[in-house]
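Just follow the structure's listing: the first ligand is 1, and inside any ligand the first atom is 1.
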Amino acid sequence: MNLEELKLDELRADALDKLRRADSEKALSELKTLLFGKAGTLTALMRTLKDIPPEQKPQAGKLINDVRVELIELCNAQEKVLHKKAIDAALNAESADLTIDKPIRAVGAIHPLNQIRKRLTDYFVGNGYIVYDSPEVETDYYNFQALNIPPDHPARDMQDTFFINDGILLRTQTSGGQVRLMEQYKPPLKMICPGRVFRNDDDSTHSPVFHQMEGLVVDKNVTLCDLKGTLEGFAKFIFGDDTVIRFRPSYFPFTEPSVEVDVSCFNCHGSGCRVCKNTGWVEILGAGMVNRKVLENCGIDPDEYHGFAFGMGLDRITMIQCGINDIKQLWENDVRFLRMFR
Ligand code: DAH
(Lines give C-alpha, C1' and ligand atoms only; values in the text may rest on other atoms or scores of the structure.)
Protein backbone atom coordinates (compact mmCIF):
# COMPACT_ATOMS: atom_id res chain seq x y z
CA MET A 1 0.00 0.00 0.00
CA ASN A 2 1.28 3.47 -0.77
CA LEU A 3 0.44 7.01 0.29
CA GLU A 4 -2.11 7.68 -2.47
CA GLU A 5 -4.05 4.55 -1.68
CA LEU A 6 -4.75 5.85 1.81
CA LYS A 7 -7.15 8.43 0.25
CA LEU A 8 -6.47 10.83 3.06
CA ASP A 9 -8.14 13.85 1.38
CA GLU A 10 -11.33 11.93 0.67
CA LEU A 11 -11.44 10.66 4.22
CA ARG A 12 -10.90 14.15 5.62
CA ALA A 13 -13.62 15.67 3.41
CA ASP A 14 -16.05 12.94 4.46
CA ALA A 15 -15.32 13.50 8.17
CA LEU A 16 -15.78 17.27 7.82
CA ASP A 17 -19.09 16.72 6.08
CA LYS A 18 -20.32 14.43 8.88
CA LEU A 19 -19.15 16.94 11.49
CA ARG A 20 -21.16 19.70 9.78
CA ARG A 21 -24.26 17.53 9.96
CA ALA A 22 -23.82 16.45 13.60
CA ASP A 23 -26.36 18.84 15.14
CA SER A 24 -26.70 17.41 18.64
CA GLU A 25 -24.39 16.35 21.45
CA LYS A 26 -25.50 12.77 20.91
CA ALA A 27 -24.79 12.84 17.15
CA LEU A 28 -21.38 14.34 17.79
CA SER A 29 -20.53 11.70 20.34
CA GLU A 30 -21.45 9.00 17.82
CA LEU A 31 -19.26 10.64 15.19
CA LYS A 32 -16.33 10.71 17.61
CA THR A 33 -16.69 6.98 18.15
CA LEU A 34 -16.90 6.48 14.38
CA LEU A 35 -13.64 8.39 13.86
CA PHE A 36 -11.51 7.77 16.95
CA GLY A 37 -13.08 4.72 18.62
CA LYS A 38 -11.47 1.26 18.68
CA ALA A 39 -12.94 0.42 15.28
CA GLY A 40 -12.84 4.06 14.15
CA THR A 41 -11.70 5.21 10.69
CA LEU A 42 -8.64 7.08 11.94
CA THR A 43 -7.67 4.30 14.31
CA ALA A 44 -7.75 1.89 11.38
CA LEU A 45 -5.72 4.33 9.30
CA MET A 46 -2.99 4.46 11.96
CA ARG A 47 -2.86 0.69 11.85
CA THR A 48 -2.26 0.61 8.05
CA LEU A 49 0.98 2.56 8.57
CA LYS A 50 2.86 -0.69 8.98
CA ASP A 51 2.01 -1.63 5.37
CA ILE A 52 3.42 1.59 3.87
CA PRO A 53 6.85 1.31 2.20
CA PRO A 54 9.57 2.49 4.62
CA GLU A 55 10.59 5.55 2.54
CA GLN A 56 6.98 6.91 2.64
CA LYS A 57 6.42 6.14 6.31
CA PRO A 58 7.61 9.41 7.89
CA GLN A 59 5.54 11.52 5.50
CA ALA A 60 2.48 9.26 5.77
CA GLY A 61 2.69 9.27 9.54
CA LYS A 62 2.83 13.06 9.62
CA LEU A 63 -0.09 13.49 7.22
CA ILE A 64 -2.30 11.01 9.07
CA ASN A 65 -1.50 12.66 12.37
CA ASP A 66 -2.18 16.16 11.00
CA VAL A 67 -5.66 15.07 9.89
CA ARG A 68 -6.28 13.36 13.24
CA VAL A 69 -5.27 16.42 15.30
CA GLU A 70 -7.30 18.75 13.06
CA LEU A 71 -10.41 16.58 13.40
CA ILE A 72 -10.03 16.25 17.18
CA GLU A 73 -9.79 20.02 17.58
CA LEU A 74 -12.80 20.64 15.34
CA CYS A 75 -14.84 18.06 17.24
CA ASN A 76 -13.94 19.64 20.59
CA ALA A 77 -14.87 23.10 19.40
CA GLN A 78 -18.17 21.81 18.01
CA GLU A 79 -18.82 20.02 21.28
CA LYS A 80 -18.68 23.33 23.18
CA VAL A 81 -21.03 25.01 20.71
CA LEU A 82 -23.55 22.15 20.95
CA HIS A 83 -23.34 22.02 24.75
CA LYS A 84 -24.14 25.72 25.04
CA LYS A 85 -26.99 25.28 22.59
CA ALA A 86 -28.41 22.43 24.71
CA ILE A 87 -28.24 24.53 27.90
CA ASP A 88 -29.89 27.52 26.23
CA ALA A 89 -32.67 25.31 24.92
CA ALA A 90 -33.24 23.78 28.39
CA LEU A 91 -33.30 27.20 30.04
CA ASN A 92 -35.84 28.49 27.55
CA ALA A 93 -38.04 25.46 27.98
CA GLU A 94 -37.94 25.62 31.81
CA SER A 95 -38.55 29.30 32.42
CA ALA A 96 -39.97 29.96 35.93
CA ASP A 97 -43.28 31.75 36.41
CA LEU A 98 -42.59 34.09 39.30
CA THR A 99 -46.18 35.21 39.52
CA ILE A 100 -47.65 31.77 40.17
CA ASP A 101 -49.41 31.21 43.53
CA LYS A 102 -47.64 28.76 45.79
CA PRO A 103 -48.58 27.46 49.25
CA ILE A 104 -47.42 29.75 52.07
CA ARG A 105 -44.97 27.96 54.32
CA ALA A 106 -45.75 28.35 58.03
CA VAL A 107 -42.82 29.87 59.94
CA GLY A 108 -42.26 28.45 63.41
CA ALA A 109 -41.24 30.29 66.56
CA ILE A 110 -39.24 29.49 69.66
CA HIS A 111 -41.56 28.78 72.58
CA PRO A 112 -41.54 31.68 75.09
CA LEU A 113 -40.37 29.32 77.84
CA ASN A 114 -37.39 28.28 75.73
CA GLN A 115 -36.65 31.91 74.86
CA ILE A 116 -36.37 32.68 78.59
CA ARG A 117 -34.30 29.56 79.29
CA LYS A 118 -31.90 30.43 76.48
CA ARG A 119 -31.53 34.02 77.66
CA LEU A 120 -30.83 33.01 81.27
CA THR A 121 -28.42 30.32 80.13
CA ASP A 122 -26.60 32.85 77.93
CA TYR A 123 -26.13 35.14 80.89
CA PHE A 124 -24.66 32.51 83.19
CA VAL A 125 -22.56 30.73 80.56
CA GLY A 126 -21.17 34.15 79.63
CA ASN A 127 -20.12 34.48 83.27
CA GLY A 128 -18.25 31.17 83.35
CA TYR A 129 -20.94 28.78 84.60
CA ILE A 130 -21.26 25.27 83.18
CA VAL A 131 -24.66 23.84 82.25
CA TYR A 132 -25.27 20.63 84.17
CA ASP A 133 -27.94 18.05 83.41
CA SER A 134 -29.42 16.08 86.27
CA PRO A 135 -31.94 13.18 86.06
CA GLU A 136 -35.71 13.79 86.20
CA VAL A 137 -36.32 10.42 87.83
CA GLU A 138 -34.38 10.84 91.04
CA THR A 139 -33.72 9.09 94.32
CA ASP A 140 -35.08 10.35 97.63
CA TYR A 141 -31.46 10.80 98.66
CA TYR A 142 -30.53 13.37 95.99
CA ASN A 143 -33.88 15.14 95.95
CA PHE A 144 -34.22 15.43 99.73
CA GLN A 145 -31.87 13.75 102.18
CA ALA A 146 -28.54 15.02 100.83
CA LEU A 147 -30.12 18.49 100.79
CA ASN A 148 -30.69 18.26 104.52
CA ILE A 149 -34.34 17.24 104.23
CA PRO A 150 -34.62 13.96 106.17
CA PRO A 151 -37.69 11.68 105.76
CA ASP A 152 -39.93 13.37 108.33
CA HIS A 153 -38.85 16.98 107.70
CA PRO A 154 -41.81 19.40 107.49
CA ALA A 155 -40.23 21.04 104.39
CA ARG A 156 -41.32 17.98 102.41
CA ASP A 157 -44.89 19.21 102.80
CA MET A 158 -44.21 22.13 100.46
CA GLN A 159 -43.24 19.78 97.67
CA ASP A 160 -46.09 17.29 97.18
CA THR A 161 -44.13 14.50 95.56
CA PHE A 162 -44.90 11.93 92.84
CA PHE A 163 -43.29 8.72 94.11
CA ILE A 164 -42.48 5.98 91.63
CA ASN A 165 -41.66 3.48 94.34
CA ASP A 166 -40.03 3.50 97.72
CA GLY A 167 -37.01 5.77 97.42
CA ILE A 168 -37.52 6.66 93.72
CA LEU A 169 -39.46 9.77 92.71
CA LEU A 170 -39.92 12.43 90.05
CA ARG A 171 -37.64 15.27 91.16
CA THR A 172 -39.55 18.10 92.80
CA GLN A 173 -36.68 20.57 92.38
CA THR A 174 -33.44 20.92 90.41
CA SER A 175 -31.53 21.32 93.69
CA GLY A 176 -30.50 17.64 93.56
CA GLY A 177 -28.22 18.67 90.69
CA GLN A 178 -26.11 20.56 93.25
CA VAL A 179 -25.38 17.36 95.14
CA ARG A 180 -24.65 15.31 92.00
CA LEU A 181 -22.28 18.00 90.72
CA MET A 182 -20.42 18.36 94.03
CA GLU A 183 -20.02 14.58 94.28
CA GLN A 184 -18.59 14.46 90.78
CA TYR A 185 -16.30 17.51 90.64
CA LYS A 186 -13.95 19.30 93.03
CA PRO A 187 -14.38 23.04 93.73
CA PRO A 188 -14.09 25.73 92.44
CA LEU A 189 -17.52 25.16 90.85
CA LYS A 190 -19.91 27.37 88.93
CA MET A 191 -22.93 25.70 87.42
CA ILE A 192 -26.52 26.12 86.39
CA CYS A 193 -28.90 23.19 86.12
CA PRO A 194 -32.07 23.90 84.12
CA GLY A 195 -34.80 21.29 83.75
CA ARG A 196 -38.28 19.92 84.28
CA VAL A 197 -39.58 19.31 87.79
CA PHE A 198 -42.77 17.66 89.04
CA ARG A 199 -45.19 18.29 91.89
CA ASN A 200 -48.73 17.28 92.64
CA ASP A 201 -50.01 20.83 92.18
CA ASP A 202 -52.61 22.10 89.74
CA ASP A 203 -54.18 25.56 89.56
CA SER A 204 -53.85 28.67 87.40
CA THR A 205 -50.31 29.43 88.55
CA HIS A 206 -49.16 25.85 89.26
CA SER A 207 -48.77 22.92 86.92
CA PRO A 208 -47.78 19.31 87.79
CA VAL A 209 -44.86 19.74 85.38
CA PHE A 210 -42.88 22.96 85.44
CA HIS A 211 -39.33 24.21 84.97
CA GLN A 212 -36.61 25.44 87.25
CA MET A 213 -33.07 26.67 86.91
CA GLU A 214 -30.69 25.93 89.73
CA GLY A 215 -27.45 27.82 90.28
CA LEU A 216 -24.45 26.89 92.42
CA VAL A 217 -21.08 28.49 93.10
CA VAL A 218 -18.55 26.88 95.46
CA ASP A 219 -15.11 28.31 96.12
CA LYS A 220 -12.91 29.65 98.92
CA ASN A 221 -14.14 32.97 100.37
CA VAL A 222 -17.57 33.03 98.70
CA THR A 223 -19.92 35.38 100.59
CA LEU A 224 -23.52 36.58 100.62
CA CYS A 225 -22.26 39.74 98.87
CA ASP A 226 -21.13 37.60 95.92
CA LEU A 227 -24.62 36.12 95.78
CA LYS A 228 -26.20 39.58 95.78
CA GLY A 229 -23.84 40.92 93.09
CA THR A 230 -24.45 37.87 90.91
CA LEU A 231 -28.24 38.09 91.17
CA GLU A 232 -28.26 41.85 90.66
CA GLY A 233 -26.24 41.50 87.44
CA PHE A 234 -28.58 38.78 86.30
CA ALA A 235 -31.74 40.80 87.13
CA LYS A 236 -30.44 43.82 85.20
CA PHE A 237 -29.64 41.61 82.19
CA ILE A 238 -33.11 40.09 82.15
CA PHE A 239 -35.37 42.91 83.34
CA GLY A 240 -33.41 46.04 82.36
CA ASP A 241 -30.53 48.20 83.63
CA ASP A 242 -32.61 50.20 86.11
CA THR A 243 -33.71 47.05 87.98
CA VAL A 244 -32.75 46.70 91.65
CA ILE A 245 -33.15 43.64 93.86
CA ARG A 246 -33.87 43.08 97.52
CA PHE A 247 -33.32 40.14 99.86
CA ARG A 248 -35.98 39.01 102.33
CA PRO A 249 -35.12 36.47 105.05
CA SER A 250 -36.50 33.02 104.32
CA TYR A 251 -35.92 29.36 105.05
CA PHE A 252 -34.67 26.46 102.95
CA PRO A 253 -33.11 23.40 104.64
CA PHE A 254 -30.18 23.37 102.18
CA THR A 255 -29.11 27.01 102.62
CA GLU A 256 -28.18 29.01 105.71
CA PRO A 257 -28.91 31.88 105.73
CA SER A 258 -31.71 31.67 103.16
CA VAL A 259 -33.33 34.51 101.26
CA GLU A 260 -36.24 35.22 98.98
CA VAL A 261 -35.22 37.55 96.17
CA ASP A 262 -37.46 40.27 94.72
CA VAL A 263 -36.80 42.52 91.72
CA SER A 264 -38.20 46.02 91.38
CA CYS A 265 -41.26 45.85 89.15
CA PHE A 266 -40.10 46.21 85.53
CA ASN A 267 -43.65 47.10 84.51
CA CYS A 268 -44.44 50.09 86.79
CA HIS A 269 -40.91 50.76 88.17
CA GLY A 270 -42.21 50.73 91.73
CA SER A 271 -45.37 52.82 91.57
CA GLY A 272 -47.65 49.77 91.78
CA CYS A 273 -49.49 47.79 89.12
CA ARG A 274 -51.13 44.42 88.39
CA VAL A 275 -47.83 42.63 87.74
CA CYS A 276 -46.44 43.45 91.22
CA LYS A 277 -49.85 43.40 92.92
CA ASN A 278 -49.28 47.04 93.88
CA THR A 279 -46.18 46.29 95.96
CA GLY A 280 -43.55 47.56 93.51
CA TRP A 281 -41.66 44.27 93.88
CA VAL A 282 -41.86 40.91 92.13
CA GLU A 283 -40.59 37.74 93.78
CA ILE A 284 -38.44 35.74 91.37
CA LEU A 285 -36.31 33.21 93.23
CA GLY A 286 -35.03 31.57 96.39
CA ALA A 287 -31.37 31.57 97.34
CA GLY A 288 -28.85 31.39 100.14
CA MET A 289 -25.45 30.25 101.34
CA VAL A 290 -25.01 26.49 100.90
CA ASN A 291 -25.65 24.79 104.25
CA ARG A 292 -22.49 23.29 105.83
CA LYS A 293 -24.30 19.97 106.13
CA VAL A 294 -24.87 19.83 102.36
CA LEU A 295 -21.18 20.50 101.66
CA GLU A 296 -20.25 17.78 104.16
CA ASN A 297 -22.68 15.32 102.56
CA CYS A 298 -20.80 15.87 99.29
CA GLY A 299 -17.35 15.42 100.81
CA ILE A 300 -16.42 19.11 100.71
CA ASP A 301 -14.81 20.67 103.79
CA PRO A 302 -17.17 23.52 104.92
CA ASP A 303 -14.32 25.22 106.80
CA GLU A 304 -12.31 25.53 103.60
CA TYR A 305 -15.05 26.12 101.04
CA HIS A 306 -18.25 28.17 100.98
CA GLY A 307 -20.94 28.35 98.40
CA PHE A 308 -24.08 30.10 97.35
CA ALA A 309 -27.07 28.61 95.56
CA PHE A 310 -30.20 29.89 93.92
CA GLY A 311 -33.23 28.37 92.28
CA MET A 312 -35.84 29.99 90.09
CA GLY A 313 -39.06 28.96 88.37
CA LEU A 314 -38.71 29.45 84.61
CA ASP A 315 -42.46 29.25 84.02
CA ARG A 316 -43.03 31.97 86.59
CA ILE A 317 -40.43 34.29 85.05
CA THR A 318 -41.88 33.62 81.58
CA MET A 319 -45.39 34.37 82.83
CA ILE A 320 -44.29 37.64 84.45
CA GLN A 321 -42.37 38.72 81.36
CA CYS A 322 -45.06 37.79 78.87
CA GLY A 323 -47.99 39.00 80.99
CA ILE A 324 -49.64 35.57 81.16
CA ASN A 325 -52.08 34.77 83.99
CA ASP A 326 -52.65 31.10 83.37
CA ILE A 327 -49.68 28.70 83.33
CA LYS A 328 -51.67 26.32 81.07
CA GLN A 329 -51.12 28.72 78.19
CA LEU A 330 -47.51 27.57 78.18
CA TRP A 331 -48.70 23.99 77.62
CA GLU A 332 -51.72 24.18 75.40
CA ASN A 333 -49.72 24.79 72.23
CA ASP A 334 -52.32 27.20 70.89
CA VAL A 335 -50.54 28.46 67.78
CA ARG A 336 -52.27 31.84 67.98
CA PHE A 337 -50.83 32.32 71.46
CA LEU A 338 -47.32 31.14 70.51
CA ARG A 339 -47.27 33.44 67.45
CA MET A 340 -47.58 36.45 69.73
CA PHE A 341 -44.06 35.80 71.00
CA ARG A 342 -42.27 35.38 67.67
N1 DAH B 1 -35.42 24.30 95.39
C2 DAH B 1 -36.19 25.43 95.88
C3 DAH B 1 -37.65 25.23 95.52
O4 DAH B 1 -37.94 24.45 94.66
C5 DAH B 1 -35.69 26.71 95.32
C6 DAH B 1 -34.37 27.10 95.85
C7 DAH B 1 -34.29 27.92 96.98
C8 DAH B 1 -33.18 26.64 95.29
C9 DAH B 1 -33.07 28.29 97.50
C10 DAH B 1 -31.95 27.01 95.82
C11 DAH B 1 -31.92 27.85 96.94
O12 DAH B 1 -30.80 26.60 95.30
O13 DAH B 1 -30.71 28.20 97.43
O14 DAH B 1 -38.48 25.86 96.08
Side-chain angles (χ1 to χ4, degrees), residues 120 124 129-132 134-136 138-150 153-162 169-183 187 189-201 205-219 222-232 234-235 245-263 282-295 297-298 300 302 305-317 327:
L120 300 191
F124 286 108
Y129 288 64
I130 62 156
V131 179
Y132 187 74
S134 193
E136 294 178 345
E138 189 51 288
T139 63
D140 191 291
Y141 177 76
Y142 286 107
N143 196 73
F144 291 126
Q145 291 168 42
L147 291 164
N148 196 31
I149 314 175
H153 198 286
R156 289 199 179 206
D157 263 5
M158 293 189 298
Q159 305 190 357
D160 200 348
T161 310
F162 292 114
L169 45 80
L170 295 182
R171 67 175 173 191
T172 57
Q173 50 186 353
T174 44
S175 305
Q178 293 185 28
V179 179
R180 286 185 175 273
L181 179 93
M182 286 191 279
E183 279 185 357
L189 299 169
K190 283 172 100 179
M191 77 98 184
I192 50 166
C193 174
R196 279 198 294 193
V197 296
F198 310 82
R199 287 183 203 176
N200 191 5
D201 258 349
T205 52
H206 296 91
S207 154
V209 184
F210 60 106
H211 303 79
Q212 288 189 337
M213 186 181 279
E214 195 77 15
L216 175 74
V217 171
V218 181
D219 203 347
V222 172
T223 70
L224 197 67
C225 285
D226 297 315
L227 173 62
K228 193 159 189 203
T230 299
L231 294 179
E232 199 159 71
F234 151 75
I245 65 169
R246 73 174 182 188
F247 279 4
R248 277 181 294 110
S250 185
Y251 173 77
F252 300 102
F254 37 89
T255 44
E256 180 58 36
S258 301
V259 292
E260 213 82 61
V261 182
D262 297 341
V263 294
V282 184
E283 182 193 321
I284 55 156
L285 55 86
M289 300 305 292
V290 181
N291 194 310
R292 292 175 63 87
K293 286 193 189 147
V294 176
L295 292 173
N297 288 342
C298 303
I300 293 175
Y305 286 101
H306 299 105
F308 65 70
F310 53 88
M312 58 189 105
L314 296 180
D315 311 70
R316 190 176 146 67
I317 295 182
I327 194 168

With a 4.0 Å cut-off on heavy atoms, does Met158 reach ligand 1?
no
Counting only heavy atoms from other residues, nucleotides and ligands, does the tally under 6.0 Å from CZ of Arg196 exceed 12?
no
Test side chain to side chain donor-acceptor pair (under 3.5 Å) applied to Gln178 and Glu214, step by step
CA-CA 8 Å; Gln178 293 185 28; Glu214 195 77 15; 2.6 Å; yes
Proximal candidate to atom 4 (O) of ligand 1 [heavy atom criterion; set Arg199, Met312, Glu214]
Arg199
With Phe234 as reference, evaluate Val261, Ile245, Val263, Leu285 under the side-chain contact (heavy atoms from CB on, under 4.5 Å) test and give the passing residue.
Leu285
Using 30° and 60° as the class boundaries, would you call the ring planes of His153 and Tyr251 parallel, tilted or perpendicular?
parallel
Around atom 1 (N) of ligand 1, find the nearest protein heavy atom and jot down its residue, atom name and distance.
Gln173 OE1, 2.7 Å
Phe310 contact mode with ligand 1 (heavy-atom cut-off under 4.0 Å)
backbone
Would you say the side-chain atoms of Arg171 pair up with the backbone N or O of Tyr142, donor to acceptor, closer than 3.5 Å?
no
Lys190 NZ: over 12 foreign heavy atoms closer than 6.0 Å:
yes
Would you say ligand 1 has an N or O under 3.5 Å from any N or O of Ser175?
yes
Does Phe254 reach ligand 1, in the sense of a heavy atom lying below 4.0 Å from it?
yes
Of Gly177, Gly176, Ala309, the residue with the heavy atom nearest atom 13 (O) of ligand 1 is Ala309
